[in-house]
2 protein chains.
Amino acid sequence: MRLTDEIAAYILQMLELAGDGEAELRRNELAEALGCVPSQINYVLTSRFTPEQGFIVESKRGGGGYIRIRRVKLERGVSPFMHVVNAVGDEISPVTAQAIIENLEDQGLISRNISRVMLAALSDQAYRDIPINIRDRVRASLLKQMLTALIT
Amino acid sequence: MRLTDEIAAYILQMLELAGDGEAELRRNELAEALGCVPSQINYVLTSRFTPEQGFIVESKRGGGGYIRIRRVKLERGVSPFMHVVNAVGDEISPVTAQAIIENLEDQGLISRNISRVMLAALSDQAYRDIPINIRDRVRASLLKQMLTALIT
DNA sequence: TTGACCTTGACCATTCCTGACTTTTGGATA
DNA sequence: TATCCAAAAGTCAGGAATGGTCAAGGTCAA
């Protein structure tokens, strides 16, 4: 079994045991326990605990630091938001993103204010400093993170 | 729990008990009571009781010295969002941005869900593709765009 | 053979904690 | 009154405890 799989399995088990869908760990401790370098933990988190898979990851550095992983869904596609998150690829245009948000609002899944905020965050207006060639990637990433944050 | 957290919790409790949103303490006394060096109190004040978080700290040295902490309310009337937008510069760190949003939520100016969405959009988690050196610029830009979108 | 996925380690960034040294203030004293 | 002293609070640099990033190279299945 690959290291990556072991680490992922370990974290999933932590989530199960926790019961509340939330697990907190210390990167160095976990790396030590599983016999890998600490940065491997980051690799696992970025490749296996993404919004697409229904996870939200938060962390804090420094003394008393931690990594917190939240599971926002139990099964694929259980939330209309997850459906969108999974449908969005690695990149998305401003127009498409806008259409998605407006559709969510029309369906009554998000309020007018949330729609406004999300549209603002997905518009190129805010992307002036971002190299043009990665804007659509950033937009897709932001859209997924925001939608995932709304689940539960 | 970290010393820092304990001290912060203690001060917040003092503020609650006071009722008038104002607490006064003696640095050395508090340090003694909580078992830390006095300068630790300063660290907590500068890291957890900042204007972004809605606090004002005043103090006096020498005989009869004191530290006074006040919780300030954002004016509801004249668009508090515009006030914040104007206060944000061209760049902002994840921590400061988070403090601002949490303060807005604490003051009842934005809902829990909007707070969630904005925090997700301001977290480095969503900035993976953005070069590190421009992340804080993008964050500031996004924050201002989102807040502006809330002004009716 | 090649491209996607995995692994490692060197270097970076942030947060917390401490203690030595500094500054300010009010009151005691010459 | 002019000085000095003691009692506050402030500053700062350094070290420890965390997590983050990135580039280089390895593995493996199609």
Side-chain angles (χ1 to χ4, degrees), chain A residues 1-11 23-50 52-53 56-69 89-90 134 141, chain B residues 1-11 23-50 52-53 56-69 91-99 122-136 138-139:
Chain A
M1 200 184 204
R2 282 196 165 68
L3 253 180
T4 294
D5 295 323
E6 274 175 35
I7 297 167
Y10 189 96
I11 294 175
E24 191 171 307
L25 57 90
R26 283 191 217 167
R27 194 182 73 150
N28 289 347
E29 251 178 34
L30 183 55
E32 171 78 21
L34 297 179
C36 66
V37 296
S39 58
Q40 178 78 9
I41 308 291
N42 295 80
Y43 174 69
V44 174
L45 291 174
T46 55
S47 62
R48 308 277 183 93
F49 291 84
T50 63
E52 282 90 342
Q53 336 244 1
I56 287 182
V57 177
E58 302 164 290
S59 66
K60 191 181 143 198
R61 307 190 193 189
Y66 58 80
I67 295 178
R68 189 154 47 219
I69 298 141
D90 289 342
I134 63 167
S141 180
Chain B
M1 201 187 207
R2 292 271 141 177
L3 253 179
T4 295
D5 295 322
E6 274 175 33
I7 297 167
Y10 189 96
I11 294 175
E24 190 171 308
L25 56 89
R26 279 156 194 273
R27 193 182 74 150
N28 289 347
E29 256 178 31
L30 182 55
E32 172 76 22
L34 297 179
C36 66
V37 296
S39 59
Q40 178 78 10
I41 307 293
N42 295 82
Y43 173 68
V44 173
L45 291 174
T46 55
S47 64
R48 308 281 183 90
F49 292 85
T50 64
E52 282 89 0
Q53 281 146 321
I56 287 183
V57 176
E58 303 163 295
S59 65
K60 199 176 119 189
R61 310 187 191 191
Y66 60 82
I67 295 178
R68 188 154 48 219
I69 298 142
E91 305 189 354
I92 192 168
S93 71
V95 174
T96 305
Q98 187 178 336
L122 296 169
S123 153
D124 258 1
Q125 290 295 325
Y127 294 51
R128 198 154 289 286
D129 298 315
I130 305 176
I132 287 188
N133 53 304
I134 63 168
R135 284 186 190 175
D136 285 353
V138 173
R139 193 180 343 267

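Below, each value reflects all heavy atoms present in this structure, side chains not excepted, and no hydrogens, waters or symmetry copies. The chains referred to below are lettered A, B, ... by the order of the sequence lines, with proteins before strands, and numbering in each begins at 1.
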- Note on the structure: For nucleotides 20-27 of chain C, 5' to 3', base contacts (B), sugar-phosphate-only contacts (S) and non-contacts (-) with protein non-hydrogen atoms under 4.0 Å give ---BBBS-
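At whole-Å resolution of the value, CD1 in B:Ile7 and P in D:dA9 are 14 Å apart. Taking atom CG of residue B:Asp5 and atom C1' of nucleotide C:dT15, one finds them 11 Å apart after rounding to whole Å. Distance B:Leu30 CG to D:dA9 P: 10 Å, rounded to the nearest Å. Taking atom CG of A:Asn42 as the reference point, atom P of C:dG9 lies 15 Å away to the nearest angstrom. Between the C1' atom of D:dC22 and the CD1 atom of B:Ile132 lies a distance of 9 Å, rounded to the nearest Å. When the P atom of C:dT8 is taken as reference, atom CG of A:Leu3 falls 5 Å away, rounded to whole Å. Between the CD1 atom of B:Ile92 and the P atom of C:dT14 there is a distance of 14 Å, rounded to whole Å. Rounded to whole Å, the distance from CZ on A:Arg26 to C1' on C:dT15 is 14 Å.
Between A:Arg27 and D:dT21 there is no side-chain polar atom (N or O) within less than 4.0 angstrom of OP1 or OP2. Residue B:Tyr43 places none of its side-chain N or O atoms closer than 4.0 Å to OP1 or OP2 of C:dC17. Between C:dC5 and A:Ser47, no contact under 4.0 Å exists linking OP1 or OP2 to a side-chain N or O. Residue B:Ser59 places at least one side-chain N or O under 4.0 Å from the OP1 or OP2 atom of D:dG10.
Separation of atoms CD (A:Glu58) and CD1 (A:Ile69) is listed at 10.5 Å; rounding is to 0.5 Å. Between atom CD1 of residue B:Ile7 and atom CD1 of residue B:Ile41 there is a gap of 4.5 Å, rounded to the nearest 0.5 Å.
Two residues are said to be in side-chain contact when any heavy atoms from C-beta on lie closer than 4.5 Å; B:Val138 and B:Arg135 fail this criterion. Considering only heavy atoms from C-beta on, B:Pro94 comes within 4.5 Å of B:Asp136 through its side chain.
Looking at heavy-atom distances under 4.0 Å, A:Ile67 makes contact with sugar-phosphate atoms alone, never a base. Using a 4.0 Å heavy-atom criterion, one finds that A:Arg68 contacts no nucleic acid atom at all.
The nearest heavy atom of DNA chain C to B:Arg2 and to A:Arg2 marks one nucleotide each, and the one closer to the 5' end goes with A:Arg2. When the nearest nucleotides of DNA chain D are assigned to B:Glu58 and B:Pro131 by heavy-atom distance, the more 5′-ward of the two goes with B:Glu58. Ranked by how close their nearest DNA chain D nucleotide is to the 5' end, B:Asn28 and A:Tyr66 are led by B:Asn28.
Nearest nucleotide to the B:Gln40 side chain, out of D:dA9, C:dC16, C:dC6: C:dC16.
Environment of CD in A:Glu32: sparse, with no more than 12 heavy atoms of neighbouring residues, nucleotides or ligands closer than 6.0 Å.
Checked options B:Thr96, B:Ile134, B:Leu122; the residue passing with B:Arg139 is B:Leu122 (criterion: side-chain contact (heavy atoms from CB on, under 4.5 Å)).
Of the possible donor and acceptor atoms, one in the side chain of B:Thr46 sits under 3.5 Å from a partner among the backbone N and O of B:Tyr43. Side chain of B:Gln40 to main chain of B:Val37: no donor-acceptor pair is present (N/O by atom type, distance under 3.5 Å, no hydrogens or angles).
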